[in-house]
Amino acid sequence: MRDTRESRLLLVLLVAIAFALITVDIRGGQESPVDGARQAAAAVFGPVENGVAAAVDPIGNAIGAVRDSGERHTRIAALEKENAELKAELGSDDRNRNRLRELDAMLKTAGAGQYGIKGAQVVAIGAAQGFSWTVTIDIGARDGVKRDMTVLNGSGLVGRVTTVGPSTSTVLLANDPDFTVGTRMEKTDELGFATGQGDRPFLVQLLNGKAKVKTGDRLVTFGSSGDKPFVPGVPVGEVVRVDPSGGGLTRNVYVRPYVGFTKLDIVGVVVQAPRSDPRDTVLPQKPKPAPTVTVTVTAEPGDAEKPAGQEAQGRAEKPIQDPAQNPARNQAQDPARDPAQNQAQNPAQDPNAQEDATP
């Protein structure tokens with residue numbers, strides 16, 4: 001049908017008639033004048049509707065089943081999530097206690113070194129950033145974190161900040177092969193550079209090739225110019241092996257780090273350096289060795305036949321004599337010092353004895 005003036009007038013007329021019929025039907029109620037026409041239309045179109053419904057019902061049921069299945073799946077997912085949250089709450093006590101211990105140790109370290117720190121939690125590891133040993137923490141520029149800030153925990157040096165976002169930051173760990181920090185030996189103050197070796201001990205090159213180093217010596221950070229990227233005095237680790245000097249200009253030692261890099265959780269970013277170098281005060285106290293008690297017992301002849309009290313008394317009553325102060329006893333013990341005894345023991349050396357023996 002083409003859009004003409006007559007077609008438009010016809011459409012308007014049909015709409016007006018439809019509204020008129022609707023109005024009459026509503027006002028007529030149960031005795032509506034169009035009720036007969038409605039019944040006639042139902043008789044004509046009812047079978048057609050039933051046939052269409054019979055053909056369409058399986059599709060509608062399938063759609064309803066899919067819709068109900070989605071609702072059930074959503075409900076199951078919600079129940080599983082609630083169950084996981086309950087399990088997490090039940091197991092969170094031990095985790096919270098462990099975090100409290102880590103936080104307490106970190107605060108003690110920061111207090112000993114007078115470091116101003118911002119606490120943070122490790123939220124991701126750096127697998128997406130290549131083969132580097134990195135972690136992501138949950139504080140960033142909004143919390144005052146900047147690039148090249150020192151990161152530590154209650155055990156010692158963790159790393160340094162390399163990338164800062166609005167609410168997160170990336171930390172390069174101290175055991176990364178690209179990580180190098182200046183170190184200072186406890187007491188001797190020997191300087192060197194520690195380089196990460198992944199899951200192996202740090203390699204430390206001491207500047208003094210003749211430095212005296214032994215297993216168990218401890219190292220701290222030497223500090224950087226302007227305290228970036230490293231503040232001084234942070235514990236690094238303990239010497240576990242020393243290479244022979246070999247007459248070189250430097251000397252290599254291997255240091256076991258204090259920090260466990262595979263189980264990091266609570267860390268602190270040093271946002272304010274100490275006013276003065278804490279030196280060795282941040283290092284933990286070395287355990288004192290237990291004293292060794294040595295008991296020496298000397299047995300004498302005849303002590304086995306005496307009671308314990310008499311044995312002790314007999315030892316106390318026996319004087320210690322110097323052979324030089326008793327010449328008579330010396331002569332009795334040494335026949336060479338008594339001529340008369342020598343002649344009695346050896347008649348061949350006595351001339352008088354030989355004369356008496358001659359007939």
Side-chain angles (χ1 to χ4, degrees), residues 102-103 105-107 109-110 112-184 191-205 218-237 255-275 277-278 282-283:
E102 291 186 8
L103 181 60
M106 184 177 68
L107 292 176
T109 299
Q114 297 299 308
Y115 307 123
I117 64 171
K118 284 278 187 178
Q121 181 181 351
V122 175
V123 294
I125 59 175
Q129 303 180 25
F131 297 97
S132 299
W133 289 75
T134 61
V135 295
T136 301
I137 57 177
D138 61 352
I139 60 175
R142 296 173 184 173
D143 305 286
V145 179
K146 297 180 181 179
R147 180 183 171 88
D148 286 337
M149 283 186 168
T150 306
V151 182
L152 52 78
N153 66 2
S155 300
L157 180 66
V158 172
R160 62 180 176 88
V161 177
T162 56
T163 306
V164 180
S167 58
T168 60
S169 302
T170 302
V171 178
L172 181 67
L173 300 181
N175 65 334
D176 187 270
D178 292 333
F179 188 97
T180 302
V181 58
T183 61
R184 180 178 56 79
L191 302 181
F193 293 95
T195 303
Q197 297 193 114
D199 55 358
R200 295 179 295 168
F202 294 151
L203 172 62
V204 179
Q205 290 184 321
R218 305 185 294 179
L219 294 86
V220 298
T221 57
F222 178 69
S224 306
S225 177
D227 298 316
K228 288 186 178 182
F230 304 110
V231 294
V234 181
V236 175
V255 175
R256 181 180 63 248
Y258 288 125
V259 174
F261 296 102
T262 59
K263 51 183 180 181
L264 291 173
D265 189 10
I266 302 298
V267 298
V269 180
V270 181
V271 296
Q272 184 177 358
R275 295 182 179 179
D277 189 346
V282 188
L283 286 169

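Nearest approach of Leu172 to Ser132, heavy atoms of both residues: CD1-CB, 4.5 Å. Here the closest heavy-atom approach between residue Val164 and residue Val145 is recorded as CG1-O, 3.5 Å. In terms of heavy-atom proximity, Val231 sits nearest to Ala273 at CG1-CB, 3.8 Å. Of all the heavy atoms in Gln197 and Phe202, the pair that sits closest is NE2-C, 4.1 Å. Heavy-atom minimum distance, Ser224 versus Pro229: OG-CD, 3.5 Å. The minimum heavy-atom distance linking Gly144 with Met149 is given by the pair O-CE, 3.7 Å.
Taking CG of Asp143 as the reference point, atom CD1 of Ile137 lies at 9.0 Å (rounded to 0.5 Å). Interatomic distance, CZ of Arg147 versus OG of Ser169, reported as 11.5 Å (0.5 Å rounding). One distance of note links OG1 of Thr221 with CG of Asp277; it measures 8.0 Å at 0.5 Å rounding. Atom CG of Leu173 is separated from atom CG of Leu264 by 6.0 Å, given to the nearest 0.5 angstrom. Annotation: the span from Thr183 atom OG1 to Gln205 atom CD amounts to 10.5 Å, rounded to 0.5 Å.
More than 12 heavy atoms of other residues, nucleotides or ligands lie within 6.0 Å of CZ in Phe261, so this atom counts as buried by the packing criterion.
Exactly one of Asn175, Val122, Asn153 qualifies for a side chain to side chain contact (heavy atoms under 4.5 Å, CB included) with Val158. That residue is Asn153. For the side chain to side chain contact (heavy atoms under 4.5 Å, CB included) test with Thr163, the passing option among Val171, Thr136, Thr168, Thr170 is Thr170; the others fail.
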**Prompt:** Stepwise, does the side chain to side chain contact (heavy atoms under 4.5 Å, CB included) test hold for Arg184 with Leu191?
**Reply:** CA-CA 5 Å; Arg184 180 178 56 79; Leu191 302 181; 3.9 Å; yes
**Asked** Given the rule in the side chain to side chain contact (heavy atoms under 4.5 Å, CB included) test, do Val234 and Val282 qualify, once you have shown the distances and angles that lead to the verdict?
**Response** CA-CA 7 Å; Val234 181; Val282 188; over 6 Å; no
**Prompt:** When you look at Leu152 and Leu157, which way does the side chain to side chain contact (heavy atoms under 4.5 Å, CB included) test go after all the steps?
**Reply:** CA-CA 5 Å; Leu152 52 78; Leu157 180 66; 5.6 Å; no
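Listed by chain and number, the residues in a ring-ring contact (aromatic ring centres under 6.0 Å, His included) with Phe179 are Phe230 (sequence neighbours excluded).
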